[in-house]
Amino acid sequence: MTIAQVIVDVPSLGTDKVFDYRIPKKWDGMIQPGMRVAVPFGPRSIQGFVIRLIDHTDIGKIKDIIQPLDLTPVLNEELLQLGDWMARETISYKVSVFHAMLPVAMKAKYEKMIRKKDDAPLLLEELLKNKQEISWKEAEKRNLLPALYKEIQSGNAEVIYFVKDRARKKLKRVVEPIVRKDEMEEMLQALPSNAFNQKKLVYHLLKSNQGMIEAADLAKKAEVPASTIKALIKKGVLSEHMVEEYRDPYEHKNFERTSPLPLTKEQQAAMKPILHSIEHQSHETFLLYGVTGSGKTEVYLQAIQEVIKQGKEAIVLVPEIALTPQMVERFKGRFGSDVAVLHSRLSIGEQYDEWRKIQKKEVKVVVGARSAVFAPFEHLGIIIIDEEHESSYKQEEIPRYHAREVAIKRGEYHRCPVILGSATPSLESFARAQKGVYHLLTLSKRMNDRGMPPVSVVDMREELRGGNRSMFSTELFEKIKDRLQKEEQTVLFLNRRGHSTFIMCRDCGYVMQCPHCDISMTYHRSSSEMKCHYCGFQTGVPTECPECSSNHIRYFGMGTQKVEEELVKLLPEARIVRMDVDTTTRKGAHERILEHFQAGKADILLGTQMIAKGLDFPNITLVGVLSADTMLHLPDFRAAEKTFQLLTQVSGRAGRHELLGEVVVQTYTPEHYSIQLAAMQDYQRFYNEEMSMRKIGSYPPFYYLALVTVIHEDLLQAVTVTEKISNFLKSNVSREAILLGPVASPIPKINNRYRYQCLIKYKREPNLFSALRKILEHYNPQASRDGLSITIDINPYNMM
DNA sequence: AGCACGCCGACT
DNA sequence: GTCGGCGTGCTC
């Protein structure tokens, strides 16, 4: 007897373990580890992942697997193992981890039906309108449930549960001639003279030597209606069947093939150890630290080429917002149809198809966002993480994994190199490189031998003192006007969307807050409404102060919308495009805006985060950062690092080609080292400064972090539970660990629920993870009963 | 997570 | 007496 050990699709503490199921005879030998199966679970049937086959179990009551949901495993041995490790490291459930590894299309949907029994009486017939069954949802909608309940109880009907697989393959209808040519010739003669279209089609088949073709295409080519094709199928001239088709998101794009470029001395020096690692099949993590424009991508491309030559595969991770067509083009241009692309802007079906190309070994390279690190390659030869410092590599939902750590784990398994590339490496990575954990490779020169553009830092306090109350300093404004005149392009960067961040009464200082969250509400001009960005609450814009009835209400803090308005007012002749979440939600909007700008149809590109990456247009000669400090004052120990990285990146947008570029940075804190050193493009000094700050604060990379957040609608409950957790942890970690808390979370209330935190800073704590699991177990009853929620984030990036 | 089971109060 | 509210515990 073969037994399958199954991880069941129920993300909860009590079910985070294997369940044993008998494999029915008819599936014997077909069901393998890594496959999805449908299994009975209590009264329901649900999806599960087979993780192991065994031939004996001590479990008394054991049920049969209903059926397999895959023909071949969707998780291989490596990924199953990786899942174990990830669940441990991130303190999450195995199912959650498995789902994170697979395209969403593989997450099952469940459906409940009520089915009539054969000998059921007439009343039920009416309820079901002569049908055998009805979906639970519809019965609910039509208010039939009470009546049907009775029928179920009296045994006239039963509830059945379905596992619905969402992984739909797209099919297309193809036809193929199945008779010899001479037979067709004969037929041409024999057809009645009024069968004009059939003759035309047979003639076309003969002449074009037609092989297999999509039915619709054939009709078009032969210029006959679809019915003619049907007629010939009936007559046995053509055979018809359905074949699987891939949804290709880049179907109508042609990618120009490129060949390897000659490498600079520095690039060659960087290539050497990478090639060594590839050839000797030894795992090593490289930190490729190269200034913007130093040609990191060419190093990636040539390393991948070597990997392909060895018959192996490559994964390239790119931050989600950097996955533009230009980026894809660079890889498709070099490796053509050997490339699959994976990111969240593809439809569920497209994601599934790209994933299947990988699984079926039809591609050698995958370029994708975070989750592409799980690409099911079996002979990985290299993993590349571009812009490795990007925080989007950390998943903010369960399982809270970091793609960098997963990549290194996979690199160890496959004994292949992992390359982390950045112009502004994360402190964690650079520190590891300094310690020799990673192998540091440096590209210090830009390929075009052009220095970085000069950066001038403008003190906005001075501007204010000088009487300039606008959001543009005199220097920046003059420079924008100058570019307009020269017909060169300007990029303006502001890391805040919307219109105004908050509104305040000038008489009494009242600031409008969300009634459900501890956060000020944001004014949205387009909908003319106040919105809470955390719970979605909306309300009208007050015309007078609710506290003192004054009508002196002022809008504070500027967003991209407001800047756009100002620009239109000040420079009516300028053509402006705005790019932020609000203007790029529609599919393809992102590309359209960039193409528009690239074609020179706009003078000024105004945007948030998303314009900081990848823009490489020759006519950009001015970059303005409107407010460098928006990020700097966030309650986040990485604030300085993020500011430095962003400023460096944005500056890199200017003067990448023949024309010289310059950068203007506006700030209220020009003396801050992250702004000063970003202006000087001095990463090394920034690293040293920031490292000493981190050391003083006992933050990464000197300490690891674990963040426990307790959420409850009752403030007192939230505090006491956090306190108990803190005390429990204190007695379970060594003296070297530092415990902070309980403290209120940076946003103490969201959606009427209070948030308290406990932060653990530690170096080596072998017992910490098991202690954290114990906490979850202990509070599990209260969590399901009382709305208490406890989240654990190992190495958090978002402290909120 | 969902679902059944079982116990208690409120009403036909 | 029965309906339905929710607290409790289990799912191979």
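Only this structure's heavy atoms are used, side chains among them; waters, hydrogens and symmetry mates stay out. This is a predicted model, so every value here is computed, not measured. So you know, we letter chains A, B, ... as the sequences are listed, proteins then strands, and number each from 1.
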Between A:Gln757 and A:Met799, is there a donor-acceptor pair closer than 3.5 Å when you use the side chain of the first and the backbone of the second?
yes

Tell me, please, the opening and closing nucleotides of DNA chain C, 5' to 3', among those with an atom under 4.0 angstrom from a non-hydrogen atom of chain A.
C:dT8 to C:dC12

Are A:His99 and A:Phe49 an aromatic pair, judged by ring center distance below 6.0 Å?
yes

At 4.0 Å (heavy atoms only), tell me whether A:Tyr110 reaches a base, stays on the sugar-phosphate, or touches nothing.
nothing

Nearest-Å distance for atom pair CD/P, residues A:Glu158 and B:dA4
13 Å

Between A:Asp28 and A:Lys25 (salt bridge meaning N to carboxylate O under 4.0 Å), is one present in this structure?
no

Looking at A:Asp518 and A:Arg755, is there a salt bridge between them, counting it only when a charged N and a carboxylate O are closer than 4.0 Å?
no

Both conditions, 6.0 Å and 45 degrees, for the charged tip of A:Arg638 above the ring of A:Tyr797: are they met here?
yes

Looking across every strand, which nucleic acid part, if any, lies under 4.0 Å from A:Ile59 by heavy atom: base, sugar-phosphate, or nothing?
base

A:Phe728 six-ring centre to A:Lys730 NZ/CZ under 6.0 Å and within 45° of normal
no

Electrostatic pair A:Arg410:A:Glu78 at N-O distance under 4.0 angstrom:
yes

State yes or no: are the ring centers of A:Tyr401 and A:Phe374 separated by less than 6.0 Å?
yes

Name every residue in residues 6-44 of chain A that has at least one heavy atom under 4.0 Å from any atom of DNA chain B, in order of residue number, or write none if there are no such residues.
A:Val10, A:Pro11, A:Ser12, A:Pro43, A:Arg44

